[in-house]
Amino acid sequence: MSDYKTLIVETDQGVTLIRLNRPKALNALNTELLDELVAALDAAEADEAVRCVVLTGSERAFAAGADIVEMSSKSYPEMFKSDYFTRQASRVERFRKPIIAAVAGYALGGGCELAMMCDFIIAAETARFGQPEINLGVSPGIGGSQRLTRFVGKSKAMDMILTARQMDAAEAERSGLVSRVVPADALVEEAMAAARKIAALSPLAVMMNKEMVEAAYETTLSQGVKLERRLFHSLFAFEDQKEGMAAFTEKRPAAFKGR
Ligand code: DAK
């Protein structure tokens, strides 16, 4: 357990579970919550025993967006000078361990963007994704226009961003936004089971696999394939590769040490 005011953070069996916890505001993302999220991710990154993170909200909402009350009175100079939310969003983007979003209920605006910054999304049947900022006379601000378009294609992204239409879990799975849909009461356990599976693997191989998939969004195909090959070669420098292959030939479970 932890001393956060807007998060509940617990670590067990190599997995840190971070629960967004501003129930009265449907987990709307304000500066306090995002600063605490940065602190929780810093702690998870620094702790060698933590191999994977699960980020979730409540049954009703993963997060219903950036906090409209906090944002409503801000001026342009204030937004620009403070570089509103850039530092916090960058922290999620450069988190090196796997981070799984477990989404039930609303993931709207900044909530949808936060889920998309994670490595993959497991959705409850109740999940609803949307970028409704147009209703407020603004736009996505932490990557939604770019990530949603890459994940679901231009037509669906334009539809959602220009009309504020929400996508349900089934459509999100069909469109490639989420990796799987599960019953709401099984959501956190399903995400934790995936995280525990990752936590038992070589943490070095896991980080390199994450890096190469991320590169698919940042590079040309030939650059990405080259990076993959170089990282693949470099994995042979680790004891974990020797252990993984020895365990296979000796028909026993591998004991990875992260070396
Ligand atoms: N902010 C603040 N409070 C919120 C909120 C939000 N985004 N969403 C909900 N709440 C609050 C409601 O005001 C209400 O508070 P009380 O009235 O009880 O005090 C409480 O949560 C429960 O909400 P409702 O009573 O509205 O509940 P319903 O079930 O009737 O409706 C809803 C649920 C999710 C459909 C509805 O609350 C809703 O439409 N919420 C707003 C969704 C939205 O527009 N989200 C996008 C926000 S804009 C940037 C970074 C990020 C962003 C922009 C720039 N930079 C880096 C520059 C992102 C912007 C956004 O996300």
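Just so you know, ligand 1 is whichever comes first in the structure, and atom 1 is the first atom listed for that ligand.
- We find that Glu189 and Arg196 are joined by a salt bridge, their nearest charged nitrogen and carboxylate oxygen being less than 4.0 Å apart.
- Electrostatic pairing of Asp240 and Arg259 does not count as a salt bridge here, judged by no charged N lying under 4.0 Å from a carboxylate O.
- Scanning for side-chain hydrogen bond (donor to acceptor under 3.5 Å, both in side chains) contacts around Asn21 gives an empty result, with sequence neighbours left out.
- In this view, Ser58 satisfies the side-chain hydrogen bond (donor to acceptor under 3.5 Å, both in side chains) rule with no residue, not counting sequence neighbours.
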Pairs under 3.5 angstrom, nitrogen or oxygen on both sides, ligand 1 versus protein: list them out, please.
| unit_1 | atom_1 | unit_2 | atom_2 | d |
| --- | --- | --- | --- | --- |
| ligand 1 | 1 (N) | Ile68 | N | 2.9 |
| ligand 1 | 7 (N) | Ala64 | O | 3.0 |
| ligand 1 | 7 (N) | Ala66 | O | 3.0 |
| ligand 1 | 21 (O) | Lys24 | O | 3.3 |
| ligand 1 | 27 (O) | Arg60 | NH2 | 3.2 |
| ligand 1 | 29 (O) | Arg60 | NH2 | 2.9 |
| ligand 1 | 45 (N) | Ala64 | O | 3.0 |
| ligand 1 | 61 (O) | Ala66 | N | 2.8 |
| ligand 1 | 61 (O) | Gly110 | N | 2.8 |

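- Ring centroids of Phe129 and Phe62 are separated by 6.0 Å or more, keeping the two rings apart.
- Taking the ring pair (Phe, Tyr, Trp, His ring centres under 6.0 Å) definition, one finds that Phe248 meets it with nothing, sequence neighbours left out.
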